[in-house]
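Computation of the quantities below employed the complete heavy-atom set of this structure, encompassing side-chain atoms and omitting hydrogens, waters and symmetry-equivalent molecules. Per chain, numbering begins at 1; letters A, B, ... match sequence-line order. Being a predicted model, the structure only gives us computed values, none of them experimental.
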There are 2 protein chains.
Amino acid sequence: MTEVKLTARKEQALETRHRIFEAAVTLFDRQGYDSVTVDDICREVGMSKGAFYTHFKSKDQVLLEEFVKIDEHYTELLTEIEPLEQGVERLERFWVSSLEYIERMGVKVVKVVFHSEIGPSRKEPYISSRTRPVFRIVEGLIADGRGEYIRDDMSSAELADSVIACWRGLVYEWCLANGAFDLVARGRPIFALLKSGFQKA
Amino acid sequence: MTEVKLTARKEQALETRHRIFEAAVTLFDRQGYDSVTVDDICREVGMSKGAFYTHFKSKDQVLLEEFVKIDEHYTELLTEIEPLEQGVERLERFWVSSLEYIERMGVKVVKVVFHSEIGPSRKEPYISSRTRPVFRIVEGLIADGRGEYIRDDMSSAELADSVIACWRGLVYEWCLANGAFDLVARGRPIFALLKSGFQKA
DNA sequence: TCCTTTCACATACCAGAGTCGGTGACTAGA
DNA sequence: TCTAGTCACCGACTCTGGTATGTGAAAGGA
């Protein structure tokens, strides 16, 4: 994929970055995100704080990196779904599958991301950046499902935004509850509501 | 309401607490929450940090106090709504009115609350505490609206949870966007979806 | 090969939230 | 009124995320 146009130095840097990442995630996993300090991570890797901050903008950005993979998952998921069902069933499949993915990722990671995303001094928020695939994908799934079925007093974009907002509310709730309920199960009635709401009156 | 069974000392304490609160809110308003330090607040009130922390658990708890008033608003709102419309219209009224209230409160406050609520070391989350009036109220509104109208494959509690989750998703989104869109307007299509979803099939 | 620029990494430091062991004025019980 | 205990308030301190400034080695152009 990426070609080997790396100088020895860049390669070394990438290696370091990866070591920091691994160490951080391991420590987070063992002791919990909050009780791991950046200094802990550096000590573990045997490197200075400066090194850490040349590779990551902040402590939470490490976990954001883990979270971001969800977008790849979405894209894969789409190619998997596309040839299969029709209309709103696709969206439902997408809904469930994304929630499963979130659940697999674990509350701790998701919580940190949702927390830092809404925090102060966030120059470029990730979750809500309109360039993310999710928006296109969900809108696409809805647009495809149009025909007789879907109500025509709302645009696909509007519907997509609504669905995504509800999805996030659900996940936010799940974080507040520290993952104490089954995300997919709790998501089912919500989607059911939205789904019926999609129909023409 | 509360009786005067206060010793001089307790009264003094309450007074101090109030002074801290006022000063804090004023400063937050003037300089923005993040750039106001706890020391700033203390300096303004002419008191020590220790005083601040005997009255408030943390910096954000000051704003939580402001936010909490929403529950009183909810209760008032209910008595206002109850004699009026019927069924789902009530819920819609409640939905819109609560969003208006949030909007009036301002993003800054709401953002801090939503941020700190999902943060670490939150022993007793406020927003999602099941003892809050919202849950009872929304569930009640839904239960009242039953009859021929509302679908019977979901309990009122389940429906209420779903509505509330979506509501929070919307508000969370609004915070991410730093209040850049009209909350009520954006909430309308979401409620429309939920509303249609409420109907029997 | 030399010389400039870049950049991975180091170190000392800062700011700001929250803590902790006092202290003295007030309360309450006898 | 005496006394024991409480608690509002103090302020120095800690802890930690993040920054500013350096430095030496690698890159790369001539």
Q: May I ask you to check whether over 12 heavy atoms, not counting those of A:R136, lie within 6.0 Å of atom CZ?
A: no
**Q.** Donor-acceptor contact present, side-chain B:R17 to main-chain B:H55, <3.5 Å
**A.** yes
Q. Looking at residues 17-41 of chain B, who's got a heavy atom less than 4.0 Å off DNA chain C?
A. B:V36, B:T37, B:V38
Q.
Using the side chain to side chain contact (heavy atoms under 4.5 Å, CB included) definition, which of the options B:I142, B:L194, B:L141, B:I150 pairs with B:V88?
A. B:I150
Q: For DNA chain C, note the earliest and the latest nucleotide, 5' to 3', having some atom under 4.0 Å of a heavy atom belonging to chain A.
A: C:dT6 to C:dT11
Q. Whole Å only: how far is the CE atom of B:M47 from the P atom of D:dC7?
A. 18 Å
**Q.** Ring geometry between A:F52 and A:F56 (parallel below 30°, tilted from 30 to 60°, perpendicular above 60°)
**A.** tilted
Q | Whole angstrom value for the distance that separates C1' of D:dC15 from OH of B:Y53 | A | 13 Å
Q: Could you check how far NE2 of A:H115 sits from C1' of D:dG17, rounded to whole Å?
A: 13 Å
(Q) What's B:K49 touching, base or sugar-phosphate or nothing? Going by heavy atoms closer than 4.0 Å. (A) base
Q) Hey, are B:D34 and B:K59 close enough for a salt bridge, meaning a charged N less than 4.0 Å from a carboxylate O? A) no
Q. Does NZ or CZ of B:R168 come closer than 6.0 Å to the centre of the six-membered ring of A:Y172, within 45° of the ring's axis?
A. no
Q: Identify which nucleotide among D:dA27, D:dC7, D:dC10 has an atom closest to any side-chain atom of B:R9, counting heavy atoms from C-beta outward.
A: D:dC7
**Q.** For atom CZ of B:R43 and atom C1' of D:dG11, their distance in whole Å
**A.** 14 Å
Q) If you measure only the distance, is there a donor-acceptor pair under 3.5 Å linking the side chains of A:D60 and A:S58? A) yes
(Q) Return whichever of B:A8 or B:S58 has its heavy-atom-nearest nucleotide of DNA chain C closer to the 5' end. (A) B:S58
Q. Quick one: salt bridge (charged side-chain N to carboxylate O under 4.0 Å, His left out) partners of B:K111, sequence neighbours excluded?
A. none
